Structure formats: structure tokens, C-alpha cells
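What follows is one structure encoded as C-alpha cells, with my remarks underneath.
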Amino acid sequence: MRKILGHVFFARPATVVAPDLLGKFLVRRTPDGEAAHMITEAEAYEGHDDRASHASRGRTARNAVMFGPPGRWYVYFVYGMHEMLNVVTGADGCPSAVLLRGVEGIVGPGRLTKRLGISRTENTLPASKATGLWIEDRGVRIMMRQIEKTPRVGVAYAGEEWAAKPWRFVVKKVIP
DNA sequence: ACGATGATGAAC
DNA sequence: TTCATCATCGTA
């Protein structure tokens with residue numbers, strides 16, 4: 001079972017898409033070949049009300065893709081050295097996105113993009129096979145009870161209410 | 001605990 | 001045009 005995720009999957013609220021992305025595979029194709037990585041950690045950033053979201057301060061050159069159709073990549077540069085990979089979610093015009101924070105064997109959003117060779121070059125491109133970066137359902141099912149929900153990382157500036165939202169989703173470690 | 005390192009956005 | 005800040009990471 002191998003299905004490339006498209007518009008229908010991403011055209012839902014970020015808080016719904018984020019946990020649903022756990023167990024899906026981020027697939028990267030480069031001249032060196034193709035590699036699939038199971039997503040293990042994701043964070044939701046909702047529309048303009050979410051003070052932790054880049055979209056909360058309105059549309060700018062950087063976040064413009066968030067205001068467009070779902071299923072496109074939003075890649076931005078932060079702290080002078082890290083590229084962050086997000087996928088745009090929700091209806092066209094409703095700015096929201098999911099930050100991919102980790103895959104199997106790679107923990108941390110900055111490490112993820114570095115290891116897969118992802119940069120702002122991918123910003124605004126659709127998540128599809130044609131762009132060399134897409135997401136597949138390969139039949140792995142993650143139960144709700146396997147998902148840990150925590151507040152998002154590094155968003156204290158957003159204020160108590162928004163910083164506390166349990167919108168970070170992580171696949172729990174399986175105890176052997 | 002802290003410095004790296006540069007784009008971003010808001011203030012001036 | 002300046003300046004504080006930043007959805008982080010590696011080294012200590």
C-alpha cells in the first residue's frame with residue numbers, strides 16, 4: 001500500500017493533519033537516489049488567531065505560501081542557520097501549516113532539513129513526486145494511544161494561551 | 001549555559 | 001536604515 005498524499009489530505013485543519021502525518025513517510029529524491037523516512041514528530045500552526053504562527057501578523061513575503069492552497073511546502077530560515085520544513089494545510093486562503101520536526105532516526109527540525117538536503121529552494125513548491133519531495137501513506141497505522149501531545153517548542157513569545165496549546169504530536173517510544 | 005549567524009519585521 | 005528577535009543546534 002503506497003499512496004501519495006495530496007490536496008484532500010492537507011485541506012483540513014493543521015491540528016488534524018499534524019497527528020495524521022505521524023506514521024506517514026516523507027520521501028526525498030535526489031540525484032543520489034530515493035529515501036523514505038517515517039514521520040515521528042509534527043507541530044500544528046493554525047490560522048491568523050494563533051499568536052505562535054507566522055501567519056498571525058498577516059501576509060508577508062516570507063509566509064505568503066501559507067495563505068495559498070494546501071499541500072505546498074513552506075520552508076523558512078531561522079536563527080541564521082536552520083531551515084524549517086512545513087507543509088501548508090487548511091482551505092485555500094486560510095493560513096495554517098504543520099512543521100515537520102522529526103522522522104525515524106532524525107530528531108529536530110533543523111537536523112531533518114540538513115540531512116535530507118532541504119532548503120528554501122523548496123519553498124512554495126507542491127508536495128509531489130515532481131518536486132522530489134513528497135509524503136506517502138505506506139500503510140503504517142499509528143494509534144491515538146501511541147501519540148504523545150505536548151505544547152509546541154520555542155513559542156513562549158506567543159503568550160500563555162497559545163504557548164500552552166497541546167499541538168505538538170510525537171510518536172511514543174515503544175517499550176521493548 | 002551560551003554563542004553562532006543572517007533573515008525578518010517593526011520601529012524610527 | 002537600524003535593531004531586537006527568532007517554530008535551533010552544537011559545544012561546554
Side-chain angles (χ1 to χ4, degrees), chain A residues 5 9-24 26 28 37-91 93-127 131 133-135 147-173:
Chain A
L5 302 183
F9 182 90
F10 298 110
R12 299 176 292 159
T15 48
V16 173
V17 174
D20 206 10
L21 277 172
L22 302 182
K24 304 300 189 290
L26 179 62
R28 180 62 164 149
H37 311 265
M38 194 182 79
I39 298 168
T40 55
E41 183 177 346
E43 263 177 15
Y45 287 85
E46 279 295 356
H48 67 276
D49 288 340
D50 181 0
R51 303 290 290 171
S53 172
H54 289 170
S56 69
R57 281 179 250 186
R59 182 183 181 134
T60 66
R62 179 176 66 164
N63 68 19
V65 68
M66 288 182 78
F67 291 77
R72 290 175 185 267
W73 300 115
Y74 171 39
V75 187
Y76 68 89
F77 189 62
V78 76
Y79 294 124
M81 54 187 81
H82 302 294
E83 313 271 350
M84 299 288 115
L85 176 65
N86 302 251
V87 61
V88 175
T89 60
C94 173
S96 64
V98 171
L99 170 65
L100 299 183
R101 298 189 53 93
V103 298
E104 211 164 35
I106 309 175
V107 177
R111 294 170 183 156
L112 169 60
T113 52
K114 188 175 181 188
R115 288 274 298 277
L116 300 198
I118 295 162
S119 69
R120 281 161 288 175
T121 310
E122 278 73 36
N123 188 42
T124 75
L125 295 181
T131 63
L133 186 64
W134 68 96
I135 301 177
I147 299 177
E148 183 180 5
K149 296 161 73 169
T150 82
R152 293 170 292 180
V153 176
V155 297
Y157 64 86
E160 188 66 31
E161 180 193 352
W162 293 99
K165 300 275 186 195
W167 288 352
R168 170 173 173 255
F169 305 89
V170 190
V171 178
K172 286 182 185 170
K173 301 251 192 311

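We name chains A, B, ... by the order of the sequence lines, and we start the count at 1 in each one. Computed from a predicted structure; not experimentally measured.
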Going by distance alone, is a donor N or O of one side chain under 3.5 Å from an acceptor N or O of the other, for A/Thr131 and A/Glu122? no
For [X] and [N], what is the distance between atoms [atom1] and [atom2] respectively, to the nearest whole Å?
{"X": "A/Tyr74", "N": "B/dT8", "atom1": "OH", "atom2": "P", "answer": "9 Å"}
{"X": "A/Tyr79", "N": "B/dC2", "atom1": "OH", "atom2": "P", "answer": "16 Å"}
{"X": "A/Leu99", "N": "C/dA7", "atom1": "CG", "atom2": "P", "answer": "10 Å"}
{"X": "A/Arg59", "N": "B/dA10", "atom1": "CZ", "atom2": "P", "answer": "15 Å"}
{"X": "A/Glu46", "N": "C/dA7", "atom1": "CD", "atom2": "P", "answer": "17 Å"}
{"X": "A/Glu41", "N": "C/dC9", "atom1": "CD", "atom2": "P", "answer": "9 Å"}
{"X": "A/Phe77", "N": "B/dG6", "atom1": "CZ", "atom2": "C1'", "answer": "6 Å"}
{"X": "A/Ile106", "N": "C/dT8", "atom1": "CD1", "atom2": "C1'", "answer": "16 Å"}

Salt-bridge criterion met for A/Lys165 and A/Asp50 (N-O under 4.0 Å): no
A/Arg152 bridged to A/Glu43 by N-O distance under 4.0 Å: no
Work out which heavy atom in A/Lys24 is nearest to a heavy atom in A/Asp20; give both atom names and the distance. NZ-O, 2.8 Å
Locate the shortest heavy-atom distance separating A/Pro19 from A/Ala14; write the atom from each residue and the value. CD-O, 4.4 Å
Closest to the 5' end of DNA chain B, once A/Arg57 and A/Arg120 are matched to their nearest nucleotides, is A/Arg120
Classify the ring geometry between A/Tyr74 and A/Tyr76 as parallel (under 30°), tilted (30 to 60°) or perpendicular (over 60°). tilted
Run the numbers on A/Ser56 and A/Arg51 for side-chain hydrogen bond (donor to acceptor under 3.5 Å, both in side chains), then give the verdict. CA-CA 5 Å; A/Ser56 69; A/Arg51 303 290 290 171; 4.9 Å; no
Counting just side-chain N and O atoms, does A/His54 come under 4.0 Å of either OP1 or OP2 of C/dA7? yes
For a quick test of reading the model: is some side-chain N or O of A/Arg111 closer than 4.0 Å to OP1 or OP2 of C/dG10? yes
Pi stacking test for A/Tyr45 and C/dA7: under 5.5 Å apart, planes under 30°: yes
Is the shortest heavy-atom distance from the side chain of A/Asn86 to the side chain of A/Val65 under 4.5 Å? no
Looking at every strand, decide which applies to A/Arg168 at a 4.0 Å heavy-atom threshold: base, sugar-phosphate, or nothing. nothing
Taking any heavy-atom pair under 4.0 Å as a contact, classify A/Met81: base, sugar-phosphate, or nothing. base
A/Arg115 atom CZ, over 12 foreign heavy atoms within 6.0 Å: no
Ignoring hydrogens and angles, are the base of C/dA7 and the side chain of A/Tyr76 linked by a donor-acceptor pair under 3.5 Å? yes
Should stems be defined as at least three consecutive Watson-Crick or G-U pairs with both distances under 3.5 angstrom, which of them involve DNA chain B? B:1-4 with C:8-11, B:6-11 with C:1-6
Closest nucleotide of DNA chain C for A/Arg62 versus for A/Lys114: which of these residues is on the 5' side? A/Arg62
Quick one: does A/Trp73's side chain have a donor or acceptor within less than 3.5 Å of a partner on A/Leu133's backbone? yes
What are the residues of residues 148-161 of chain A, sorted by number, that bring a heavy atom to within less than 4.0 Å of DNA chain C? A/Val153, A/Gly154, A/Val155, A/Tyr157
